[in-house]
Amino acid sequence: MAIDELTKKEQIINFAQSDPFLKISDIAENVQTTPRYVRTILSEANISLMKLREKYARNMEKRLENNKYHDLQAKVSLREEYSYNNLQVGEIGVESFAEDVFPEIRKIKEDDELMKIFQVQYVDESPYCIHELITYMDNDINRERLRNLDSIYDLLGRKGINRLQFMSNVIIVEKPNKDYIKYFKDSDYIIVSKRTVLLNRIPIGVERLYLKGELTKMEIPGEIVI
């Protein structure tokens with residue numbers, strides 16, 4: 001169900017749970033209602049923005065701790081013959097993106113614009129990895145501020161990281177297509193990883209990684225089932 005198909009009550013609850021740092025007045029403006037009505041709905045639903053903010057902080061702390069399932073994760077890294085000392089991270093770039101390419105991605109606000117936020121990593125000044133997040137953002141967002149972020153993941157925190165979910169990664173090996181040949185023109189193949197980002201079970205974005213195949217090592221725990 002799209003956001004604009006939800007009732008005002010459902011929209012208020014969704015906004016509060018998605019971004020607990022929104023003010024009551026911000027939620028009211030997004031839903032086109034009054035702050036008093038927002039307070040009433042949140043009170044009836046037993047939702048406290050303060051408690052949601054505290055929960056957000058606790059979840060961020062947990063994410064910084066060692067994950068007990070870390071050993072069960074597939075690991076992608078530079079091959080041993082290449083040095084991480086030569087790894088450089090580029091600035092975050094922002095581009096408008098055609099909405100019909102990913103029709104499954106939902107808007108949170110009607111005026112949001114679909115954007116591709118991306119960051120390139122280099123080894124010896126040659127592109128090694130392109131990290132992309134395709135999601136809806138405010139059309140008047142400060143793009144200069146985005147470029148100053150350390151990581152694309154910094155964007156997801158304010159989208160309500162405590163309620164984010166990620167679908168399973170789909171990994172394929174392919175030749176660089178026309179959109180990425182400029183980055184990988186000397187590569188015979190690249191490794192592509194794609195997964196959907198969910199917020200309150202609503203698909204809000206697609207994350208993609210493009211890795212130079214010749215430089216990449218992948219470790220998968222357990223057995224491979226074909």
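Index from 1, following the sequence.
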Could you give the distance from [atom1] ([X]) to [atom2] ([Y]), rounded to the nearest 0.5 Å?
X      : Y      : atom1 : atom2 : answer
Ile24  : Arg36  : CD1   : CZ    : 14.0 Å
Arg208 : Thr196 : CZ    : OG1   : 11.0 Å
Lys116 : Asp179 : NZ    : CG    : 7.0 Å
Phe184 : Tyr210 : CZ    : OH    : 9.5 Å
Glu174 : Ile191 : CD    : CD1   : 11.0 Å
Ile117 : Glu207 : CD1   : CD    : 11.0 Å

Next item on the list: Check the pair Met115, Phe97 against side chain to side chain contact (heavy atoms under 4.5 Å, CB included), reporting the backbone distance first and the verdict last.
Entry: CA-CA 5 Å; Met115 298 182 184; Phe97 204 79; 5.7 Å; no
Would you say the side chain of [Y] lies within less than 4.5 Å of the side chain of [X], judging by non-hydrogen atoms?
X      : Y      : result
Gln119 : Glu132 : no
Leu42  : Ile12  : yes
Glu214 : Asp188 : yes
Lys185 : Pro176 : no

Next item on the list: Would you sort out whether Ser187 and Lys175 count as a side chain to side chain contact (heavy atoms under 4.5 Å, CB included), showing the intermediate values?
Entry: CA-CA 8 Å; Ser187 296; Lys175 291 185 176 181; over 6 Å; no
Hydrophobic cluster identity match, [X] and [Y], side-chain contacts under 4.5 Å:
X      : Y      : answer
Ile172 : Ile130 : yes
Ile171 : Leu78  : yes
Ile181 : Ile190 : no
Val192 : Tyr180 : yes
Leu215 : Leu209 : no

Nearest heavy atoms of [X] and [Y], plus distance in Å:
X      : Y      : result
Leu198 : Met167 : CD1-SD, 3.7 Å
Thr135 : Ile204 : OG1-O, 2.6 Å
Pro127 : Lys212 : O-CD, 3.7 Å
Tyr136 : Ile105 : CE1-O, 3.5 Å
Glu10  : Thr7   : OE1-N, 2.9 Å

Next item on the list: List in chain and number order the residues that pass ring pair (Phe, Tyr, Trp, His ring centres under 6.0 Å) with Phe118, two or more places apart in sequence or in another chain; answer none if no residue qualifies.
Entry: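 Per chain and number, Phe118 pairs via ring pair (Phe, Tyr, Trp, His ring centres under 6.0 Å) with no residue.
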Checklist line | side chain to side chain contact (heavy atoms under 4.5 Å, CB included) evaluation trace for Arg195 with Ser168 | finding: CA-CA 6 Å; Arg195 64 178 178 174; Ser168 297; over 6 Å; no
Checklist line | salt bridge (Lys or Arg N to Asp or Glu O under 4.0 Å) partners of Glu219, counting only residues at least two apart | finding: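 Glu219 satisfies salt bridge (Lys or Arg N to Asp or Glu O under 4.0 Å) with Lys217 only.
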Notebook entry, point to check: Of all residues at least two apart in sequence or in a different chain, which pass the side chain to side chain donor-acceptor pair (under 3.5 Å) check with Asn169?
Noted result: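 With sequence neighbours excluded, Asn169 shows a side chain to side chain donor-acceptor pair (under 3.5 Å) to Ser193, given in chain and number order.
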Checklist line | Over 12 non-hydrogen atoms of neighbours within 6.0 angstrom of CD in Glu99 | finding: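 Yes, enclosed.
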Checklist line | Residue Glu125 excluded, over 12 heavy atoms near CD under 6.0 Å | finding: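 Atom CD in Glu125 is not crowded, with 12 or fewer foreign heavy atoms closer than 6.0 Å.
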Next item on the list: Take Val31 and Val38, measure what side chain to side chain contact (heavy atoms under 4.5 Å, CB included) needs, and give me the verdict at the end.
Entry: CA-CA 9 Å; Val31 183; Val38 172; 5.8 Å; no
Checklist line | Asp26 (side chain) donor-acceptor with Lys23 (main chain) under 3.5 angstrom | finding: yes
